[in-house]
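Counting starts at 1 for both ligands and their atoms, following the listed order. Owing to the predicted nature of the structure, the values given are computational and were not obtained by experimental measurement.
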Amino acid sequence: MKILSVNAGSSSLKFQMYEMPYEKVLISGVFERIGLKDSFYTLKIDGNKVKKQVNLEDHEKAVEMLSDELINNNIVSSLDEIKAIGHRVVHGGDKYSDSVIIDDDVLKTVEDLSKLAPLHNPANLIGIKAFMKKISKAVSVAIFDTAFHQTIEKEEFLYSTPYEWYEKHQVRKYGFHGTSHKYITSRMKDVLNKEDVNLITCHLGNGASLCAVKNGESKDTTMGFTPNAGLIMGTRSGDIDFTLILHVMDEEEKDLNEVLNDLNKKSGFLGISKISSDSREIEEAYLNNDEKAVLTQKMYVKRIVSYIAKYFVFLKEVDAITFSGGIGENSSLTRKMIIEELQPLGIYLDETLNDKREDEFLISNDSSKVKCYVIKTDEEVMIAKETYRLAK
Ligand code: AMP
(Lines give C-alpha, C1' and ligand atoms only; values in the text may rest on other atoms or scores of the structure.)
Protein backbone atom coordinates (compact mmCIF):
# COMPACT_ATOMS: atom_id res chain seq x y z
CA MET A 1 0.00 0.00 0.00
CA LYS A 2 1.42 3.41 -0.98
CA ILE A 3 1.30 5.88 1.89
CA LEU A 4 2.48 9.47 2.15
CA SER A 5 3.88 10.79 5.41
CA VAL A 6 3.54 14.58 5.59
CA ASN A 7 4.85 17.29 7.91
CA ALA A 8 3.53 20.72 6.92
CA GLY A 9 4.94 23.88 8.50
CA SER A 10 3.94 27.46 7.86
CA SER A 11 6.36 27.81 4.92
CA SER A 12 7.54 24.25 4.37
CA LEU A 13 6.22 20.83 3.48
CA LYS A 14 8.23 17.69 4.12
CA PHE A 15 7.10 14.34 2.75
CA GLN A 16 8.09 10.70 2.35
CA MET A 17 6.25 8.10 0.32
CA TYR A 18 6.38 4.56 1.65
CA GLU A 19 5.44 1.16 0.33
CA MET A 20 3.78 -0.30 3.41
CA PRO A 21 3.95 -2.54 5.34
CA TYR A 22 7.54 -2.93 4.07
CA GLU A 23 8.50 0.60 5.23
CA LYS A 24 10.33 1.07 1.93
CA VAL A 25 10.89 4.75 1.10
CA LEU A 26 10.00 5.34 -2.57
CA ILE A 27 10.66 9.09 -2.66
CA SER A 28 11.18 11.86 -0.11
CA GLY A 29 11.59 15.58 -0.25
CA VAL A 30 10.91 19.01 1.13
CA PHE A 31 9.30 22.13 -0.28
CA GLU A 32 10.77 25.23 1.29
CA ARG A 33 10.05 28.95 1.50
CA ILE A 34 6.40 28.42 0.45
CA GLY A 35 4.75 31.83 0.00
CA LEU A 36 8.13 33.56 0.15
CA LYS A 37 10.79 34.71 -2.31
CA ASP A 38 13.32 32.17 -3.65
CA SER A 39 11.19 29.10 -2.96
CA PHE A 40 12.51 25.70 -4.02
CA TYR A 41 12.14 21.99 -3.47
CA THR A 42 14.48 19.07 -3.11
CA LEU A 43 13.69 15.44 -3.85
CA LYS A 44 15.51 12.22 -3.07
CA ILE A 45 14.87 9.15 -5.22
CA ASP A 46 17.08 6.03 -5.05
CA GLY A 47 19.78 8.01 -3.25
CA ASN A 48 19.85 10.71 -5.96
CA LYS A 49 19.10 14.29 -4.91
CA VAL A 50 17.44 16.88 -7.14
CA LYS A 51 16.89 20.57 -6.32
CA LYS A 52 14.51 22.79 -8.25
CA GLN A 53 14.02 26.53 -7.93
CA VAL A 54 10.29 27.16 -8.42
CA ASN A 55 7.52 29.57 -7.56
CA LEU A 56 5.55 28.22 -4.60
CA GLU A 57 2.84 30.75 -3.84
CA ASP A 58 1.03 28.43 -1.43
CA HIS A 59 0.82 24.86 -0.11
CA GLU A 60 -1.66 23.88 -2.83
CA LYS A 61 0.97 24.70 -5.43
CA ALA A 62 3.51 22.56 -3.57
CA VAL A 63 1.06 19.62 -3.46
CA GLU A 64 0.39 20.05 -7.18
CA MET A 65 4.13 19.96 -7.99
CA LEU A 66 4.64 16.99 -5.67
CA SER A 67 1.81 15.12 -7.47
CA ASP A 68 3.42 15.84 -10.86
CA GLU A 69 6.79 14.59 -9.60
CA LEU A 70 5.22 11.36 -8.31
CA ILE A 71 3.79 10.67 -11.76
CA ASN A 72 6.77 11.89 -13.80
CA ASN A 73 9.15 9.73 -11.77
CA ASN A 74 6.86 6.68 -12.14
CA ILE A 75 6.37 6.41 -8.39
CA VAL A 76 2.63 6.12 -9.12
CA SER A 77 0.84 5.94 -12.46
CA SER A 78 -2.23 7.67 -11.01
CA LEU A 79 -2.79 9.59 -7.76
CA ASP A 80 -5.51 7.04 -6.93
CA GLU A 81 -2.70 4.61 -6.09
CA ILE A 82 -2.00 6.68 -2.95
CA LYS A 83 -4.29 4.96 -0.46
CA ALA A 84 -3.60 7.05 2.62
CA ILE A 85 -1.83 10.19 3.79
CA GLY A 86 -0.58 10.62 7.36
CA HIS A 87 -0.23 14.17 8.63
CA ARG A 88 1.83 15.27 11.60
CA VAL A 89 -0.37 17.48 13.79
CA VAL A 90 1.33 19.17 16.71
CA HIS A 91 -1.55 19.59 19.16
CA GLY A 92 -4.34 17.13 19.80
CA GLY A 93 -5.14 18.60 23.24
CA ASP A 94 -6.62 16.07 25.65
CA LYS A 95 -9.09 14.93 23.01
CA TYR A 96 -6.79 12.56 21.11
CA SER A 97 -4.80 9.81 22.78
CA ASP A 98 -4.29 8.04 19.47
CA SER A 99 -3.98 8.82 15.77
CA VAL A 100 -7.30 9.34 14.04
CA ILE A 101 -8.84 9.26 10.55
CA ILE A 102 -9.56 12.87 9.60
CA ASP A 103 -13.18 13.89 9.06
CA ASP A 104 -14.98 17.23 9.45
CA ASP A 105 -15.13 16.85 13.24
CA VAL A 106 -11.38 16.25 13.45
CA LEU A 107 -10.69 19.25 11.20
CA LYS A 108 -12.83 21.42 13.48
CA THR A 109 -11.13 20.14 16.64
CA VAL A 110 -7.64 20.70 15.20
CA GLU A 111 -8.72 24.21 14.26
CA ASP A 112 -10.14 24.86 17.75
CA LEU A 113 -6.85 23.63 19.25
CA SER A 114 -4.97 26.29 17.28
CA LYS A 115 -5.44 28.46 20.36
CA LEU A 116 -3.02 26.15 22.18
CA ALA A 117 -0.55 25.86 19.25
CA PRO A 118 -0.90 29.01 17.16
CA LEU A 119 2.41 28.49 15.34
CA HIS A 120 1.76 24.88 14.37
CA ASN A 121 -1.85 23.67 14.11
CA PRO A 122 -2.93 26.26 11.49
CA ALA A 123 0.03 25.27 9.29
CA ASN A 124 -0.72 21.56 9.76
CA LEU A 125 -4.33 22.24 8.72
CA ILE A 126 -3.29 24.08 5.56
CA GLY A 127 -1.25 21.01 4.58
CA ILE A 128 -4.10 18.59 5.33
CA LYS A 129 -6.60 20.62 3.30
CA ALA A 130 -4.25 21.01 0.31
CA PHE A 131 -3.76 17.21 0.12
CA MET A 132 -7.47 16.49 0.67
CA LYS A 133 -8.28 18.70 -2.30
CA LYS A 134 -5.69 17.28 -4.71
CA ILE A 135 -5.59 13.61 -3.65
CA SER A 136 -9.20 13.34 -2.60
CA LYS A 137 -9.58 9.55 -2.66
CA ALA A 138 -6.83 8.90 -0.09
CA VAL A 139 -7.74 8.36 3.57
CA SER A 140 -6.25 11.19 5.66
CA VAL A 141 -4.91 10.41 9.11
CA ALA A 142 -3.77 12.80 11.85
CA ILE A 143 -0.83 11.76 14.03
CA PHE A 144 -0.55 14.03 17.07
CA ASP A 145 2.69 15.02 18.83
CA THR A 146 0.72 15.11 22.07
CA ALA A 147 -1.13 11.77 21.79
CA PHE A 148 1.54 9.47 23.27
CA HIS A 149 1.59 11.59 26.45
CA GLN A 150 -2.13 11.27 27.15
CA THR A 151 -1.32 8.37 29.51
CA ILE A 152 0.39 10.81 31.92
CA GLU A 153 -1.55 10.91 35.23
CA LYS A 154 -3.18 14.07 36.50
CA GLU A 155 -0.76 14.46 39.42
CA GLU A 156 2.02 14.79 36.84
CA PHE A 157 0.25 16.83 34.15
CA LEU A 158 -1.47 19.39 36.37
CA TYR A 159 0.24 22.68 37.27
CA SER A 160 -0.24 24.01 40.78
CA THR A 161 -2.29 26.90 39.40
CA PRO A 162 -5.96 27.70 40.14
CA TYR A 163 -7.84 24.51 39.29
CA GLU A 164 -10.37 26.39 37.16
CA TRP A 165 -7.55 27.34 34.73
CA TYR A 166 -7.38 23.64 33.92
CA GLU A 167 -11.17 23.22 33.79
CA LYS A 168 -11.93 26.38 31.83
CA HIS A 169 -8.77 27.08 29.83
CA GLN A 170 -7.12 23.66 29.37
CA VAL A 171 -4.03 24.79 31.30
CA ARG A 172 -1.99 21.61 31.90
CA LYS A 173 1.10 19.79 30.69
CA TYR A 174 0.57 18.22 27.25
CA GLY A 175 4.06 17.19 26.18
CA PHE A 176 5.32 17.00 22.59
CA HIS A 177 7.69 14.87 20.44
CA GLY A 178 5.23 12.04 21.19
CA THR A 179 5.72 10.41 17.78
CA SER A 180 9.48 10.17 18.39
CA HIS A 181 9.13 8.88 21.97
CA LYS A 182 6.57 6.34 20.75
CA TYR A 183 8.85 5.19 17.93
CA ILE A 184 11.79 4.77 20.33
CA THR A 185 9.56 2.86 22.76
CA SER A 186 8.45 0.49 20.01
CA ARG A 187 12.05 -0.06 18.87
CA MET A 188 13.14 -0.74 22.46
CA LYS A 189 10.45 -3.41 22.83
CA ASP A 190 12.25 -5.25 20.02
CA VAL A 191 15.77 -4.47 21.25
CA LEU A 192 15.01 -5.64 24.81
CA ASN A 193 12.62 -8.36 23.63
CA LYS A 194 10.08 -7.22 26.21
CA GLU A 195 6.62 -5.59 25.95
CA ASP A 196 6.38 -3.77 29.29
CA VAL A 197 9.48 -1.62 28.89
CA ASN A 198 10.47 1.01 31.46
CA LEU A 199 12.57 3.66 29.76
CA ILE A 200 13.94 7.16 29.98
CA THR A 201 13.91 8.31 26.35
CA CYS A 202 16.02 11.40 25.59
CA HIS A 203 15.06 13.16 22.34
CA LEU A 204 17.88 15.67 21.96
CA GLY A 205 17.52 17.71 18.80
CA ASN A 206 17.09 21.39 18.15
CA GLY A 207 13.95 20.95 20.26
CA ALA A 208 14.50 18.53 23.12
CA SER A 209 12.48 16.52 25.59
CA LEU A 210 12.78 13.53 27.87
CA CYS A 211 10.03 11.00 28.49
CA ALA A 212 9.53 8.60 31.39
CA VAL A 213 8.02 5.45 29.91
CA LYS A 214 6.43 2.91 32.27
CA ASN A 215 5.16 -0.40 30.89
CA GLY A 216 5.44 1.05 27.39
CA GLU A 217 3.36 4.16 28.20
CA SER A 218 4.38 7.78 28.68
CA LYS A 219 4.07 8.68 32.36
CA ASP A 220 5.90 12.02 32.37
CA THR A 221 7.73 14.29 29.98
CA THR A 222 9.72 17.51 30.21
CA MET A 223 7.80 19.70 27.78
CA GLY A 224 4.63 21.20 29.17
CA PHE A 225 1.73 23.40 28.12
CA THR A 226 3.97 24.42 25.21
CA PRO A 227 7.23 23.01 23.79
CA ASN A 228 9.15 25.72 25.67
CA ALA A 229 9.28 23.90 29.01
CA GLY A 230 11.93 21.52 30.31
CA LEU A 231 15.37 21.18 28.77
CA ILE A 232 17.66 23.84 27.32
CA MET A 233 17.20 23.82 23.53
CA GLY A 234 18.72 25.41 20.43
CA THR A 235 16.95 28.75 20.89
CA ARG A 236 14.39 27.97 23.62
CA SER A 237 15.01 28.57 27.31
CA GLY A 238 13.26 25.53 28.76
CA ASP A 239 12.24 25.89 32.43
CA ILE A 240 12.41 29.39 33.89
CA ASP A 241 10.83 31.33 36.73
CA PHE A 242 7.99 33.11 34.91
CA THR A 243 8.29 36.29 37.02
CA LEU A 244 11.58 37.16 35.31
CA ILE A 245 9.44 38.04 32.27
CA LEU A 246 7.95 41.08 34.02
CA HIS A 247 11.37 42.17 35.22
CA VAL A 248 12.88 42.01 31.71
CA MET A 249 9.85 43.80 30.24
CA ASP A 250 10.47 46.66 32.70
CA GLU A 251 14.25 46.78 32.36
CA GLU A 252 14.41 46.48 28.58
CA GLU A 253 11.18 48.37 27.88
CA LYS A 254 9.90 45.50 25.80
CA ASP A 255 6.33 44.29 25.46
CA LEU A 256 5.25 40.78 26.38
CA ASN A 257 5.47 39.41 22.85
CA GLU A 258 9.03 40.67 22.44
CA VAL A 259 10.14 38.97 25.64
CA LEU A 260 8.31 35.75 24.70
CA ASN A 261 10.07 35.91 21.33
CA ASP A 262 13.42 36.25 23.17
CA LEU A 263 12.57 33.17 25.26
CA ASN A 264 11.61 31.17 22.15
CA LYS A 265 14.11 32.34 19.57
CA LYS A 266 17.05 33.97 21.34
CA SER A 267 17.58 31.79 24.40
CA GLY A 268 18.93 28.27 24.89
CA PHE A 269 22.30 27.46 23.25
CA LEU A 270 22.18 30.68 21.25
CA GLY A 271 21.29 32.90 24.19
CA ILE A 272 23.91 31.59 26.60
CA SER A 273 26.79 30.98 24.18
CA LYS A 274 26.26 33.95 21.85
CA ILE A 275 27.84 31.60 19.29
CA SER A 276 25.08 29.55 17.69
CA SER A 277 21.92 27.53 18.21
CA ASP A 278 23.69 24.60 16.53
CA SER A 279 25.22 22.14 18.93
CA ARG A 280 28.09 21.31 16.52
CA GLU A 281 29.36 24.88 16.78
CA ILE A 282 28.95 24.90 20.56
CA GLU A 283 30.93 21.66 20.79
CA GLU A 284 33.71 22.96 18.61
CA ALA A 285 34.01 26.08 20.78
CA TYR A 286 33.75 23.91 23.93
CA LEU A 287 36.70 21.84 22.75
CA ASN A 288 38.62 25.11 22.22
CA ASN A 289 37.79 26.08 25.82
CA ASP A 290 35.59 29.02 24.87
CA GLU A 291 34.23 30.15 28.25
CA LYS A 292 30.62 30.67 27.18
CA ALA A 293 30.52 27.45 25.17
CA VAL A 294 31.83 25.50 28.19
CA LEU A 295 29.13 27.10 30.33
CA THR A 296 26.41 26.32 27.74
CA GLN A 297 27.44 22.69 27.38
CA LYS A 298 27.63 22.19 31.16
CA MET A 299 24.23 23.80 31.75
CA TYR A 300 22.71 21.71 28.94
CA VAL A 301 24.05 18.45 30.37
CA LYS A 302 23.13 19.30 33.99
CA ARG A 303 19.50 20.01 33.10
CA ILE A 304 19.23 16.67 31.28
CA VAL A 305 20.90 14.81 34.13
CA SER A 306 18.58 16.33 36.72
CA TYR A 307 15.53 15.15 34.78
CA ILE A 308 17.02 11.68 34.26
CA ALA A 309 17.62 11.46 38.02
CA LYS A 310 14.04 12.58 38.68
CA TYR A 311 12.62 9.98 36.28
CA PHE A 312 14.92 7.29 37.67
CA VAL A 313 13.32 7.73 41.09
CA PHE A 314 9.85 8.15 39.60
CA LEU A 315 10.05 4.94 37.53
CA LYS A 316 11.82 2.93 40.27
CA GLU A 317 12.92 0.34 37.69
CA VAL A 318 14.54 1.44 34.44
CA ASP A 319 15.40 -1.03 31.68
CA ALA A 320 17.21 1.48 29.48
CA ILE A 321 18.06 5.09 28.81
CA THR A 322 17.96 5.99 25.10
CA PHE A 323 19.48 8.86 23.13
CA SER A 324 17.98 10.12 19.87
CA GLY A 325 17.54 13.33 17.83
CA GLY A 326 20.39 15.12 16.03
CA ILE A 327 22.44 15.60 19.21
CA GLY A 328 21.51 12.33 20.92
CA GLU A 329 22.36 10.30 17.82
CA ASN A 330 25.53 12.11 16.79
CA SER A 331 27.23 13.75 19.73
CA SER A 332 29.40 11.22 21.57
CA LEU A 333 30.72 14.13 23.68
CA THR A 334 27.27 15.10 25.01
CA ARG A 335 26.36 11.47 25.70
CA LYS A 336 29.66 10.96 27.54
CA MET A 337 29.15 14.07 29.66
CA ILE A 338 25.60 13.00 30.56
CA ILE A 339 26.45 9.40 31.44
CA GLU A 340 29.51 10.40 33.49
CA GLU A 341 27.18 12.46 35.71
CA LEU A 342 24.97 9.38 36.19
CA GLN A 343 27.66 7.36 37.99
CA PRO A 344 25.98 7.83 41.41
CA LEU A 345 23.08 5.83 39.96
CA GLY A 346 25.43 3.01 38.93
CA ILE A 347 25.22 3.91 35.25
CA TYR A 348 28.49 3.61 33.33
CA LEU A 349 29.59 4.33 29.78
CA ASP A 350 31.70 2.15 27.48
CA GLU A 351 33.77 4.83 25.74
CA THR A 352 34.67 2.61 22.79
CA LEU A 353 31.05 1.69 22.11
CA ASN A 354 30.07 5.34 22.51
CA ASP A 355 32.24 6.32 19.55
CA LYS A 356 30.43 3.96 17.16
CA ARG A 357 28.30 5.45 14.39
CA GLU A 358 25.32 3.22 13.68
CA ASP A 359 21.55 3.55 13.74
CA GLU A 360 21.14 1.53 16.95
CA PHE A 361 23.84 0.58 19.44
CA LEU A 362 24.56 -0.04 23.12
CA ILE A 363 26.87 2.48 24.82
CA SER A 364 26.84 1.39 28.50
CA ASN A 365 29.38 -1.09 29.89
CA ASP A 366 28.77 -4.48 31.50
CA SER A 367 28.79 -3.09 35.06
CA SER A 368 26.14 -0.49 34.33
CA LYS A 369 22.90 -1.06 36.26
CA VAL A 370 20.92 0.45 33.40
CA LYS A 371 21.62 -0.15 29.74
CA CYS A 372 22.09 2.95 27.59
CA TYR A 373 21.45 2.94 23.85
CA VAL A 374 21.63 5.26 20.88
CA ILE A 375 18.50 4.73 18.79
CA LYS A 376 18.01 6.75 15.62
CA THR A 377 14.51 8.15 15.66
CA ASP A 378 12.23 8.02 12.64
CA GLU A 379 9.08 10.08 13.07
CA GLU A 380 8.23 9.75 9.36
CA VAL A 381 8.05 5.97 9.42
CA MET A 382 6.05 6.14 12.65
CA ILE A 383 3.54 8.40 10.87
CA ALA A 384 3.42 5.90 7.97
CA LYS A 385 2.94 2.96 10.37
CA GLU A 386 0.12 4.71 12.23
CA THR A 387 -1.51 5.65 8.93
CA TYR A 388 -1.24 2.09 7.62
CA ARG A 389 -2.72 0.72 10.88
CA LEU A 390 -5.80 2.93 10.55
CA ALA A 391 -6.25 2.90 6.76
CA LYS A 392 -5.49 -0.70 5.74
P1 AMP B 1 17.38 17.72 14.99
O2 AMP B 1 16.47 18.83 15.45
O3 AMP B 1 16.99 16.39 15.59
O4 AMP B 1 17.59 17.67 13.52
O5 AMP B 1 18.83 18.03 15.63
C6 AMP B 1 19.52 19.19 15.30
C7 AMP B 1 20.68 19.32 16.25
O8 AMP B 1 21.55 18.18 16.12
C9 AMP B 1 21.56 20.55 15.96
O10 AMP B 1 21.87 21.22 17.16
C11 AMP B 1 22.81 19.92 15.37
O12 AMP B 1 23.94 20.70 15.64
C13 AMP B 1 22.88 18.62 16.13
N14 AMP B 1 23.83 17.70 15.51
C15 AMP B 1 23.72 17.09 14.31
N16 AMP B 1 24.85 16.38 14.05
C17 AMP B 1 25.67 16.56 15.13
C18 AMP B 1 26.96 16.09 15.49
N19 AMP B 1 27.66 15.29 14.68
N20 AMP B 1 27.48 16.47 16.68
C21 AMP B 1 26.80 17.28 17.50
N22 AMP B 1 25.57 17.75 17.23
C23 AMP B 1 25.01 17.40 16.06
Geometry only, no angles: is [X] polar-contacting ligand 1 at N/O separations under 3.5 Å?
X: R280; answer: yes
X: R357; answer: no
X: G205; answer: no
X: D278; answer: yes

Parallel, tilted or perpendicular: which one describes the rings of [X] and [Y], with boundaries at 30° and 60°?
X: F31; Y: F15; answer: tilted
X: Y174; Y: F225; answer: tilted
X: F314; Y: Y311; answer: tilted

If you measure from the Lys or Arg side-chain nitrogens to the Asp or Glu carboxylate oxygens, is any gap between K371 and D319 under 4.0 Å?
no
Residue, atom name and distance, where the atom is the protein heavy atom closest to [atom]:
atom: atom 14 (N) of ligand 1; result: G326 O, 3.5 Å
atom: atom 18 (C) of ligand 1; result: N330 CB, 3.3 Å
atom: atom 13 (C) of ligand 1; result: I327 CG1, 3.6 Å
atom: atom 2 (O) of ligand 1; result: N206 N, 2.9 Å

Number the atoms of ligand 1 from 1 as they appear, then name those within less than 4.0 Å of a heavy atom of E283, with their elements.
21 (C)
Can you sort out which atoms of ligand 1 are near G325, meaning under 4.0 Å from one of its heavy atoms?
3 (O)
Is there a donor-acceptor contact under 3.5 Å from the side chain of N198 to the main chain of L315?
no
Please determine if R172 forms a cation-pi arrangement with Y166, meaning its NZ or CZ atom is less than 6.0 Å from the six-membered ring centre and no more than 45° off the ring axis.
no
Using a 6.0 Å distance limit plus a 45 degree cone around the ring axis, check whether K51 lies over the aromatic ring of F40.
yes
The option among S180, S331, S279 carrying the non-hydrogen atom nearest to atom 22 (N) of ligand 1 is S279
Within-cutoff protein neighbour (heavy atom, under 4.0 Å) for atom 20 (N) of ligand 1:
yes
From E258, E252, E251, residue fulfilling salt bridge (Lys or Arg N to Asp or Glu O under 4.0 Å) relative to K254
E252
